[in-house]
Participant: 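This structure is in C-alpha cells; I'll ask about it shortly.
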Amino acid sequence: MTAAVHLQDVVKRYGSVTAIHGVSLTIADNEFFTLLGPSGCGKTTLLRMIAGFEAVTAGEIRLFGDDIARLDPNHRPVNTVFQHYALFPHMSVIDNVAFGLKMQGIDLAARRTRAGKMLEMVHLSHFADRMPAQLSGGQQQRVALARALAPAPKVLLLDEPLSALDLKLRQAMRVELKTLQQETGITFIFVTHDQEEALTMSDRIAVMSEGRVQQVGSARDIYETPDNRFVADFIGETNLLEVDVHSVTDGRASMTLPGGHPLTCPSASATPGRHALSIRPERVTIAATGELKATVDRVVYLGTDLQVLSRLADGSPFTIRLQNAARTTIPEAGATIGLHLEEGAARLLAD
Amino acid sequence: MAGGDDSWRPLARPLLIPIWVVIGVFSLLPVLLMAVYSFLTKEFRGGVEWDFTLAAYDQFFVTRGLFGDEPAQIEWTYITIFWRSIWQALICTALCLLIGFPTAWFIATRPAQSRGIWLFLITIPYWVNLLIRTVSLKFLIRDNGPLNEGLMAIGLITEPLPLVNTNLAVQLGLFYSYLPFMVLPIYAAVERYNFALSEAAADLYASRWTTLREIVLPVVKPGMIAGCILVFVPALGAFLAPDLLGGAKTFMIGSLIDEQFKGSQGNWPFGAAASMILMTLVLIVLVFYARAASREGAA
Amino acid sequence: MKGVRHYPGFLSITVLCLTILYAPLIVIMVYSFNGSTSITQWGGLSLRWYGEVFTGPEASRFGQAAWNSITIALMASTAATIIATAAALAMVKGGRFRGRSASFALINLPLMVPEIVTAVASLIFFTTIGLTTGYGTILIAHITFCIPFAYLPLAARLEGIEATYEQAARDLYATRAQAFRLILLPLLAPGVASGWLLAFIISLDDFIITNFVKGAGMETLPTAIFGSVKQGIKPNIMAISTLMLAASVLFVTAAYLINRKGRQTP
Ligand SMILES: Nc1ncnc2c1ncn2[C@@H]1O[C@H](COP(=O)(O)OP(=O)(O)OP(=O)(O)O)[C@@H](O)[C@H]1O
Ligand SMILES: [Mg+2]
C-alpha cells in the first residue's frame with residue numbers, strides 16, 4: 001500500500017537560514033500523525049510545505065505516490081486548519097464551510113447539503129448564518145475544522161489548532177478530533193508543541209528539533225525507548241546521568257553511575273565509553289534494601305503524585321515520583337534513602 | 001502578515017508601473033525641470049530664456065545696491081521672509097502641540113462609545129475646504145466682525161482689536177488650518193498606549209504629572225513627532241492663511257513664490273529658485289524626522 | 001481617586017480646541033442667513049443669499065466652477081484609487097524586491113514636496129511640454145497628488161489582512177484570481193472606499209495647485225471663491241461656503257455611519 005504522505009530529504013532554506021535539514025518521513029493512510037517539537041524547530045515550515053504555501057528548497061513530497069512538491073496549493077488534495085483559523089470574516093459560517101466546494105465547481109444545492117452535514121458533524125448547525133466574529137473561539141475552531149473537511153481532503157493538516165482554547169475545551173476537543181479522524185478515515189497531520197496533546201491523540205509521533213526529525217514512533221516508543229538525549233529530555237520528565245560504560249556483553253552494558261554505583265542495563269548497540277543514561281522518575285521506588293543511596297532535599301506535593309527531589313552520592317540531582325497512595329511513606333527532607341530501579345527503568349542513550 | 005505567500009512576488013513590478021509613470025512623469029520630472037528653470041534667464045512678461053545663469057540665486061542672496069554698482073552684500077529681504085516663515089511655522093507647530101496633545105489624550109481616553117463622536121467632531125473641520133475655513137476665520141476676526149462686536153458688546157474692549165493683517169491673525173490662521181494634523185497622529189499613539197504603564201508608574205509613587213513627563217510623553221513621542229512634521233511642513237509653505245489674513249508685514253514664502261508667476265511682474269527663474277530653497281528646507285526637516293523615527297524604531 | 005487616564009484641565013483644552021475649530025464655521029453659517037445687504041448688520045433671518053447663489057449674476061460662473069470641481073474630483077479620485085490599489089498590492093504583498101524602497105519614496109513624493117512647490121513645478125512642466133493649461137492639466141495634477149492620499153488607507157488596510165486568508169482560499173482550491181476576487185478584494189473594500197473618499201475630498205479642496213495650472217478662464221469652486229473674496233467677503237460667498245460645508249459634513253457623516261455599521265457586522 002502506498003503511504004499517504006512521503007517526504008524524501010526535504011530541505012528548506014530561507015536565505016542563509018536552514019529551517020529544515022533533509023527530513024524524510026512516511027505517514028500511512030488513516031494515521032493520526034503528530035509533529036512535536038519545541039518552538040522554532042520547523043514544524044510549521046514542514047506543514048506549510050506539504051500544504052503548498054512554502055516552496056521546498058530540495059527534496060520530494062509525495063501524496064499517495066504523486067510528487068506534489070511543485071504544485072500550487074489549490075491543486076493539492078490536502079486541506080489545512082489554520083492556527084488562528086483564518087475564517088473569512090466577510091462570509092457567513094455556512095459560506096465559509098462551502099467555500100472549498102464552490103471552488104471545486106460543485107453546484108449550490110450539493111454544496112449546501114454537504115456544508116450543512118459538516119456543520120452538523122461539528123454540532124454547529126444552528127450557527128450556519130452567523131458571521132465568524134459572532135462565534136466563540138471554540139466555535140470558530142469547529143467551523144475551521146468543518147471547512148477543511150468539507151471537500152473531503154485526502155490529508156488534513158492542523159497547525160496547533162487547539163492552542164488558542166482554554167484547558168477544558170482543549171481536552172474536550174482532543175477527544176473530538178480523535179473521534180473525527182477515526183470516523184472520517186482521513187489522514188491527520190497534527191502540529192503541536194504540547195507533548196500531552198501529542199501523546200494522547202497520536203498513532204505516531206515525529207519528535208523534531210532544530211529542523212531535524214529526532215525520532216518517529218508511537219507514544220509508548222518515544223516515551224519508553226527514546227533514541228537520544230534530546231527525545232528523552234523533551235518527552236516527560238527524566239533523570240539524565242553521565243555514566244561510564246566499561247563492557248557490553250550479550251546485549252547488556254555494564255557501567256558505573258556517578259558516585260561509583262555499578263549498574264547493568266539492556267543495550268543493543270552501546271560501545272564502551274561515556275554515555276547518557278535516562279531513568280524515568282516513576283520507575284524508581286524507595287526501598288531500604290536499595291543499594292543506590294540518595295539524600296532527600298525536598299518533597300513536592302503534586303496531588304496525585306509526590307515528587308522527591310534528592311541527590312546522589314556525588315551530588316548530581318535525582319528525582320523520584322511516588323504515587324500519592326494511602327500506604328506511601330513520605331521520606332523526610334535530609335533523610336538518606338535507598339533506591340530500587342525496576343528492570344528496564346534505565347535506558348542508555350545515543351547522543 | 002505580509003509577504004508570507006510568494007504568489008504576489010512576480011506581480012510586484014508590473015503593478016507598480018502605473019504609479020511610476022504617473023508620479024515619475026507628473027511629479028518627479030516637473031520638480032527636476034523646476035531645478036533646471038532656477039538656473040535659466042528670466043524673460044519679460046513671464047517665462048524663460050534657455051541661457052544658464054546663477055542670476056536667480058544671486059538675486060535671492062546678494063545685493064549690489066539699487067543700481068547694481070556697489071560691492072556685493074548679503075541681501076536680507078528674502079532671507080527675512082524665509083526666516084519669518086520658519087518662525088511662524090515653528091510657533092504654529094508649538095501651539096498645535098500644546099493644544100493638540102491634551103485634546104488627543106482626552107479623546108483617546110473616552111469610553112469606546114463616545115470616543116467615535118469626539119473624534120468625528122475633531123475631524124469634521126479637516127474635511128471642510130481650507131479656503132472656506134480661512135475665509136470664515138477672516139470674517140470672524142474682522143475689525144467690525146462678530147468677534148470684535150461681541151467683545152465690545154460685553155464691554156471687554158472699547159475699540160475693535162486690529163487682528164486682520166497682523167502676525168497674530170496669520171498665526172491663528174495657520175494654527176486653525178493644521179490643528180487636526182496634530183491631533184490625529186497623537187490620538188493614534190495614545191490609543192495604542194498601554195495604560196498599565198501609567199498604573200505601574202503610579203504604583204511606584206509617581207504623581208500624575210511625573211507619570212506624564214517620565215512615561216507617557218516618551219512612549220507617545222513618535223506620534224507627537226509625526227504630528228509636528230505634518231503641521232510644520234505645510235505651515236512653512238502655506239499660502240492661503242498669510243495671503244488672506246496677513247498683510248505686507250506678514251509676507252511669507254508661499255506668497256513670495258506665488259507673485260513670481262503672476263502676470264508680467266513675474267520672474268519664473270527666481271520663483272523656481274525660491275521653491276528649490278523651500279524644498280531643501282523641507283527635505284532637511286524630513287531627513288531629521290526619518291533619522292528620529294528610525295532611532296525610535298530601533299530602540 | 002481618578003484613574004490614570006484623567007488629567008485635570010484636558011477637558012477644558014479640548015473644549016477650547018473645538019471652539020476654535022467651530023466658531024468661524026458657525027459664524028459664517030449664521031450670517032449666510034442674514035437678510036441684510038450689509039454683512040455687518042443683522043437684518044433678520046432670510047434665504048435671499050441662497051436664492052442669489054442659484055439665480056444671481058454670478059450663478060452661472062459658480063455653477064460652471066462647481067461642475068468642474070465635481071467632475072475633476074470624481075475622475076481624479078477614481079484614477080488615483082485604481083493606481084494606488086495596484087501599488088499597495090505590490091508594496092504590501094510583493095515581498096522584498098529590487099526598487100521597493102525607491103517605489104516607496106516615489107509614492108510619497110507628492111506628500112513631501114510642499115504644495116506651492118508642486119504647483120510651480122507643474123506649471124513649469126506643462127508650459128515646457130507645450131500643454132495648454134486648462135481642464136486637462138488640472139485633472140492630471142489632481143490625479144498625481146491624490147495618489148498618496150488614496151494609497152495610505154489602502155496600504156494600512158492591506159497590512160492588516162493576514163496572508164492566511166488568501167492561503168486558506170488557495171488551500172480550498174481557489175485559483176490565484178479567485179482568491180483575489182472572492183477574499184482579498186472584499187476584505188480590502190473598506191480601504192478602497194476610504195482611499196477614494198480621501199482622494200475625492202483632497203481634490204475638491206485643492207486651491208494652490210489648481211490656481212497655478214488652471215489657465216485663464218477655467219475655474220474650480222475654490223479658485224472662483226478665492227477670486228471673489230479678494231474683493232471682500234460678500235453674503236453670497238457665505239451662502240456658497242455654507243452649502244459646501246454642509247455637503248462635506250453630510251459626506252463625512254455618511255462615510256462615518258457606513259463605516260460604523262460595517263464594523264458592527266463584520
Ligand atoms: N520566512 C522566514 N524567513 C526566515 N526564517 C524563517 C521564516 N519562517 C520560518 N523561519 C525560521 O525557520 C525556523 C522554523 O520555523 P517554524 O515556524 O517552522 O517553527 P515552529 O516549529 O512552527 O515553531 P512554533 O512552535 O513557535 O510555531 C525558525 O527558526 C524560524 O525562525
Ligand atoms: Mg509554528
Side-chain angles (χ1 to χ4, degrees), chain B residues 1-5 7-9 12 15-16 18-20 22-23 26-31 33-34 37 99 102-103 105-106 109 120-121 124-125 127-133 135-137 139-140 144 146 176 179 195 198-199 202 208 233 237 239-240 254 257 261 271-272 275 278-279 282 286, chain C residues 4-5 10-11 13-14 17-18 20-21 23-25 27-28 40 83 86-87 89-90 92-95 97 103 106-107 109-110 112-117 120-125 128 140 143-144 147 159 162-163 166-167 176 201 205 207-208 222 225-226 229 233 241 244-245 248-249 252 256:
Chain B
M1 195 203 71
D5 190 350
S7 65
W8 284 95
R9 205 169 283 252
L15 284 172
L16 283 168
I19 215 163
W20 272 93
V22 173
I23 296 190
F26 298 113
S27 184
L28 186 59
L29 199 58
V31 167
L33 195 63
M34 180 187 77
Y37 259 60
I99 300 280
T103 304
W105 178 275
F106 179 80
T109 55
F120 183 58
L121 280 177
I124 281 205
W127 294 110
V128 174
N129 195 302
L130 182 60
L131 173 64
I132 289 181
R133 285 159 61 204
V135 169
S136 309
L137 185 65
F139 179 75
L140 176 66
N144 44 8
Y176 175 62
L179 182 59
F195 289 97
S198 285
E199 285 166 0
R208 212 172 279 287
V233 169
F239 171 73
L240 282 175
I257 295 175
F261 295 88
S275 299
L278 170 61
M279 203 171 69
V282 168
L286 289 178
Chain C
V4 293
R5 289 168 168 77
F10 279 21
L11 170 61
I13 294 177
T14 306
C17 179
L18 287 173
I20 296 174
L21 287 175
L25 300 179
V27 163
I28 208 151
T40 46
I83 295 170
L89 285 169
V92 178
K93 312 225 59 147
F97 53 91
S103 304
L106 197 76
I107 292 167
L109 184 71
M112 300 208 251
V113 179
E115 244 188 306
I116 186 90
V117 177
V120 166
S122 304
L123 174 64
I124 289 176
F125 175 73
T128 308
I140 292 173
I143 291 174
T144 310
I147 286 176
E159 304 253 9
E162 287 184 41
E166 252 180 301
Q167 285 168 4
R176 277 173 203 180
I201 291 188
D205 195 47
F207 167 74
I208 299 177
I225 292 174
F226 184 80
V229 295
I233 306 172
S241 299
M244 282 180 72
L245 207 154
S248 308
V249 172
V252 180
Y256 170 76

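Below, chain A is the first sequence line, B the second, and so on; all start at residue 1. Worth knowing before you read on, the calculation uses all heavy atoms, side chains too, and leaves out hydrogens, waters and symmetry mates.
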Participant: Go through C:Leu11, C:Val27, C:Ile225 and name the one with the most non-hydrogen pairs under 4.5 angstrom from chain B.
Facilitator: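 Top option by heavy-atom pairs under 4.5 Å: C:Leu11.
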Participant: As an exercise, state the distance from CZ of B:Arg133 to OG of C:Ser241, rounded to the nearest 0.5 Å.
Facilitator: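 Here the interatomic distance stands at 12.5 Å.
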Participant: I need the minimum non-hydrogen distance between C:Thr14 and B:Pro102, along with the two atoms involved.
Facilitator: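 Nearest heavy atoms, C:Thr14 then B:Pro102: OG1-O, 4.0 Å.
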Participant: Answer with side chain, backbone, both or neither: which region of C:Ile147 has an atom nearer than 4.5 Å to a non-hydrogen atom of chain B?
Facilitator: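 For C:Ile147, side-chain heavy atoms alone lie under 4.5 Å from chain B.
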Participant: What are the two closest non-hydrogen atoms of C:Lys93 and B:Trp8, and how far apart are they?
Facilitator: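 Heavy atoms only, the tightest pair is O-CB, 3.3 Å.
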Participant: Quick one: closest heavy-atom pair of C:Pro114 and B:Met279, and the distance?
Facilitator: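 For C:Pro114 and B:Met279, the tightest heavy-atom pair comes out as CD-CG, 4.3 Å.
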Participant: Go through B:Tyr37 and C:Thr128 one step at a time and tell me if the side chain to side chain contact (heavy atoms under 4.5 Å, CB included) criterion holds.
Facilitator: CA-CA 10 Å; B:Tyr37 259 60; C:Thr128 308; 2.9 Å; yes
Participant: Do you know which of C:Ile107, C:Leu109, C:Ile28, C:Leu106 has the most heavy-atom pairs under 4.5 Å to chain B?
Facilitator: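 Highest number of heavy-atom pairs under 4.5 Å: C:Leu106.
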Participant: If you tally heavy-atom pairs under 4.5 Å against chain C, which of B:Pro18, B:Gly254, B:Ser27 wins?
Facilitator: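 Among B:Pro18, B:Gly254, B:Ser27, the one with the most close pairs to chain C is B:Ser27.
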Participant: For each of B:Gly237, B:Pro125, B:Ala272, B:Gly271, tally heavy-atom pairs with chain C at distances under 4.5 Å, and name the one with the top tally.
Facilitator: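 Heavy-atom pair counts peak at B:Pro125.
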Participant: Is C:Phe207 close to B:Leu130 at the side-chain level, that is, under 4.5 Å between some pair of heavy atoms?
Facilitator: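 With C-beta onward as the side chain, the pair stays apart.
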Participant: Mind checking the CD1-OG1 spacing from B:Ile19 to C:Thr144? Nearest 0.5 Å is all I need.
Facilitator: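 One finds 10.5 Å between CD1 of B:Ile19 and OG1 of C:Thr144.
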Participant: Where does B:Leu179 contact chain C at under 4.5 Å (heavy atoms): side chain, backbone, both or neither?
Facilitator: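 It is the side chain, since no backbone atom gets that close.
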Participant: Who pairs with B:Phe106 by ring pair (Phe, Tyr, Trp, His ring centres under 6.0 Å), at least two apart in sequence or on another chain?
Facilitator: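 Ring pair (Phe, Tyr, Trp, His ring centres under 6.0 Å) list for B:Phe106, sorted by chain: B:Trp118.
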Participant: Taking C:Ile116, C:Ile13, C:Leu21 one by one, which has the highest count of heavy-atom pairs under 4.5 Å against chain B?
Facilitator: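 That would be C:Leu21.
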Participant: As an exercise, state the distance from CD1 of B:Ile99 to CD1 of C:Ile20, rounded to the nearest 0.5 Å.
Facilitator: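 If I round to the nearest 0.5 Å, the distance is 5.5 Å.
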Participant: First locate atom CD1 of C:Ile208, then atom CG of B:Leu131, and finally report the distance between them rounded to the nearest 0.5 Å.
Facilitator: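 Separation between the atoms: 10.0 Å.
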Participant: Quick check on the interface: out of C:Ile201, C:Val249, C:Ile143, who has the most heavy-atom pairs with chain B under 4.5 Å?
Facilitator: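 Of C:Ile201, C:Val249, C:Ile143, C:Ile201 has the most heavy-atom pairs under 4.5 Å with chain B.
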Participant: Of all the heavy-atom pairs spanning C:Arg5 and B:Trp105, show the shortest one and how long it is.
Facilitator: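 For C:Arg5 versus B:Trp105, the nearest heavy atoms are O-NE1, 2.8 Å.
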Participant: Chain B heavy atoms under 4.5 Å from C:Val229: which part of the residue, side chain, backbone, both or neither?
Facilitator: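 Side chain only.
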Participant: With a 4.5 angstrom heavy-atom cut-off, which part of C:Pro24 approaches chain B: side chain, backbone, both or neither?
Facilitator: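 Both the backbone and the side chain of C:Pro24 come within 4.5 Å of chain B.
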Participant: Look up atom CD1 in C:Ile124 and atom CG in B:Leu29, then write down how far apart they are to the nearest 0.5 Å.
Facilitator: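 C:Ile124 CD1 to B:Leu29 CG: 12.0 Å, rounded to 0.5 Å.
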Participant: Within a strict 4.5 Å, meaning less than it, do heavy atoms of the C:Ser122 and B:Phe26 side chains meet?
Facilitator: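 Of all side-chain heavy-atom pairs linking B:Phe26 with C:Ser122, none is under 4.5 Å.
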Participant: So do the side chains of B:Asn129 and C:Pro222 get within less than 4.5 Å of each other, counting heavy atoms only?
Facilitator: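 Yes, side chains in contact.
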Participant: Chain C heavy atoms under 4.5 Å from B:Leu286: which part of the residue, side chain, backbone, both or neither?
Facilitator: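 For B:Leu286, side-chain heavy atoms alone lie under 4.5 Å from chain C.
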Participant: Could you tell me whether the side chain of C:Phe10 reaches within less than 4.5 Å of the side chain of B:Thr109, counting heavy atoms only?
Facilitator: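 No, every pair of side-chain atoms sits at 4.5 Å or beyond.
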Participant: Over all heavy atoms of both residues, which pair between B:Ala12 and C:Ala90 is shortest? Give the atoms and the distance, please.
Facilitator: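 Shortest heavy-atom separation between B:Ala12 and C:Ala90 comes out as O-CB, 3.2 Å.
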Participant: Rounded to the nearest 0.5 Å, how far apart are CG of C:Leu245 and CD1 of B:Ile132?
Facilitator: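 That separation rounds to 6.5 Å.
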Participant: Please tell me if the side chains of C:Val113 and B:Val282 come closer than 4.5 Å, counting only heavy atoms from C-beta onward.
Facilitator: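 A side-chain contact is absent here, since even the closest heavy-atom pair is not under 4.5 Å.
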Participant: For C:Leu18, is it the side chain, the backbone, both, or neither that has a heavy atom closer than 4.5 Å to a heavy atom of chain B?
Facilitator: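 Side chain only.
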Participant: Can you tell me which portion of C:Ile140 sits under 4.5 Å from chain B's heavy atoms? Options are side chain, backbone, both or neither.
Facilitator: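 Just the side chain, heavy atoms under 4.5 Å.
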Participant: Take the angle between the ring planes of C:Phe226 and B:Phe239 and call it parallel below 30°, perpendicular above 60°, tilted in between.
Facilitator: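 Answer is tilted, since the angle falls between 30° and 60°.
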Participant: Who among C:Ser103, C:Ser248, C:Ala23 has the most heavy-atom pairs with chain B under 4.5 Å?
Facilitator: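 Most heavy-atom pairs under 4.5 Å with chain B: C:Ser103.
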